*Asks:* 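Handing you this structure, nothing more for now.
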Amino acid sequence: MNKQTQNKSCWKREKPDGFSLSFLLPLLFVFITVNSFGQYNHHRIYENLLNGRFSERLSNAEIIEETNLQNKTSAASVIAITFEAFFSGNEAKIEKAIDITDDFLDLSEEIPYNLIIGHTSEAILKSMHGNYFSAMISFYNAYRKIKAYEKNTQCVEPVIFELNKLYNFTFSKIPDNYTMILNVAGISAIEIDTNKICYQKNQQLISNTFATIYQLFAKPKSINISKNPGEMSKLIAGIYYLGKQNPDSALLYLNQMDTLRSNLVVLNYYKGLAHLNKAQYDLAEWYFDKFLFLQQSGRYIKATLLRKKWIAIIKGRPTQGYTEAILERGSDIAYLDKQAKKEAKKEYNTQLLKARLLYDGGMFKESLNVIEQINIDNLNPLDITNLLYRKARNLQGLKLYHEAISQYNLLQLQPNRGEYFHKKAMLETGKIFIKLNEPQLAIEHLVNVKEIQSDTFNEAFEQEAEMLIKDIKNQ
């Protein structure tokens, strides 16, 4: 693809299928560490991150607005929001990160270290946003600051080395006409000598963790982690396989982690998810209960309570009290918690819920067997739509593409009651036609995604459809 045809949608194209930002949040937000005795310096934050020491209270990136910017911990906050925006490709997060970084730079005029972080982050963020003209100025400033830092310091801090990798990656993505102007000004990618990286106790863990993350851009079928990966690499690999509907592989990594020594409470949540997707409901509930006992507030409380409600439904137990608990407990910052809040009052068909969870675990045949046993005459109109959707998704998972298309077409004949089924079905039909090497049919269906209304995921589905159309046209 010609670089001049690229725009900000290319950032979403780099995001791996099946790996959502919500799974990376435990990694990204540990950059911002706050406790009652004051703030850790940036070295300690990264050591905590890479060793999985998450006992310190976490906050989201907006903490920078309440932080004394005359210290390096606030620079770590800017790095955190930059990485979060980079890995998510979310426009709202990118815009918020740009605003925070601008404020950070305004208050950092006399601090060389902060200027390196600020200008480099701003170059990355503005490029992602497609604001290439303004990004050129940031690239110019970042280049000068990084080169001066490298020249005048005995060693380069690992975090600046990793941030420089993102600088190089974004620099390679900007259109040719902007690259040419920057090259004339002497601005280019920056290759830092790896032998000049400062030695730190956790230097190898830093490199291993980021090496694991960078693999995700290649949309791999599997992840390879080093012999000494560190807790975060294991967590990332485990979460990655959960997103790939492979709970067995996820547990291979998650079970290697030391919950007690790392104090990694969220590990219990992910283990619960893995066992839930394997239909091991007792084990799943045990880990969910452990998570809720150790995590009294914050992220994934709502998501965990919803999944406990699902287990209660499947096991035929009373579910009263769950709706109120989901609505009142925990935060709703993370995507999974927001979704749990939306589903708090939802009534579930037990068999369709079983089929949904089996599908999430990649158990497509087992899920289809459950669906085939459902008497469609006993279903309400919305559950009929749900059944057709679940059946189509499993057929698609088994690569029975024509059978899946038939089910998606039947679904489109059902009344659209505002759920995501119709819009997602149109998107998935387009994706199947891409698999079948039918680009025109794929485009027809992907264009129609925007015409279908949904109460949830509207923007996400439409952005994915637009991205796929551009990919087809650029082939």
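Owing to the predicted nature of the structure, the values given are computational and were not obtained by experimental measurement.
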*Asks:* Please report the shortest heavy-atom distance between Q296 and I301, naming the atom on each side.
*Replies:*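 That would be C-CD1, 4.4 Å.
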
*Asks:* State, to 0.1 Å, how close P247 and A274 come at their nearest heavy-atom pair, and which atoms those are.
*Replies:*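 In this case the closest contact between P247 and A274 is CB-O, 3.5 Å.
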
*Asks:* N394 and S367: which non-hydrogen atoms are nearest, and at how many Å?
*Replies:*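 Where N394 meets S367 most closely, the heavy atoms are ND2-OG, 2.9 Å.
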
*Asks:* Hey, is the main chain of F421 close enough, under 3.5 Å, to the side chain of E419 for a donor-acceptor pair?
*Replies:*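 Not at all, since once roles are kept as given, no pair shorter than 3.5 Å links the two residues.
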
*Asks:* What orientation do W310 and Y348 show, parallel under 30°, tilted 30 to 60°, or perpendicular over 60°?
*Replies:*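 Ring orientation of W310 relative to Y348: perpendicular.
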
*Asks:* Strictly by modelled atom types, are Y408 and Q396 linked by a side-chain donor-acceptor pair under 3.5 Å?
*Replies:*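 There is such a pair between these side chains.
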
*Asks:* Looking only at non-hydrogen atoms, find the nearest pair between V265 and F291 and report the distance.
*Replies:*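 Closest pair (atom of V265, atom of F291, distance): O-CD1, 3.5 Å.
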
*Asks:* Charged N to carboxylate O under 4.0 angstrom, D332 versus K338?
*Replies:*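 The answer is no: the pair does not qualify as a salt bridge.
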
*Asks:* Do D455 and K342 meet the salt-bridge criterion of a basic N to acidic O distance under 4.0 Å?
*Replies:*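 Result for this pair is no, no salt bridge flagged.
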
*Asks:* Taking E343 first and then R356, would you say they form a salt bridge - that is, a charged N and a carboxylate O separated by under 4.0 Å?
*Replies:*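 Result for this pair is yes, salt bridge flagged.
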
*Asks:* Do K302 side-chain atoms and L327 backbone N/O form a donor-acceptor pair below 3.5 Å?
*Replies:*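 It does hold such a pair.
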
*Asks:* For E428, is there an ion pair with K424 - N to carboxylate O distance below 4.0 angstrom?
*Replies:*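 Counted as a salt bridge, because a side-chain N and a carboxylate O are separated by less than 4.0 Å.
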
*Asks:* Side chain of K423, backbone of I452: donor and acceptor closer than 3.5 Å?
*Replies:*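 Checking the backbone N and O of I452 against the side chain of K423, a donor-acceptor pair under 3.5 Å is found.
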
*Asks:* Does the plane of the ring in Y420 sit parallel, tilted or perpendicular to the ring in Y389? Use 30° and 60° as the thresholds.
*Replies:*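 Taking Y389 first and then Y420, their aromatic rings stand perpendicular (interplane angle over 60°).
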
*Asks:* Any side-chain to backbone donor/acceptor pair from N386 onto L382? Under 3.5 Å, distance only.
*Replies:*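 No: the side chain of N386 does not pair with the backbone of L382.
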
*Asks:* First locate atom CG of N369, then atom CZ of F364, and finally report the distance between them rounded to the nearest 0.5 Å.
*Replies:*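 Output value for this atom pair is 13.5 Å.
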
*Asks:* Spell out, as yes or no, whether a donor-acceptor pair under 3.5 Å connects the side chain of T120 to the backbone of I117.
*Replies:*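 The answer is no, because no donor-acceptor pair under 3.5 Å joins these two groups.
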
*Asks:* Are any of the side-chain nitrogens in K391 or E372 under 4.0 Å away from the carboxylate oxygens of its partner?
*Replies:*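 Yes.
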
*Asks:* Do the side chain of N349 and the main chain of L352 share a donor and acceptor less than 3.5 angstrom apart?
*Replies:*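 The answer is yes, because a donor-acceptor pair under 3.5 Å joins these two groups.
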
*Asks:* Could you tell me whether the side chain of Q256 and the main chain of L252 form a donor-acceptor pair under 3.5 Å?
*Replies:*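 A pair under 3.5 Å: yes.
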
*Asks:* So which atom in A303 and which in D337 form the shortest heavy-atom distance, rounded to 0.1 Å?
*Replies:*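 So the minimum-distance heavy-atom pair works out to N-OD1, 3.0 Å.
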
*Asks:* Quick one: do K431 and E464 make a salt bridge, cutoff under 4.0 Å?
*Replies:*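 Salt bridge present between K431 and E464.
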
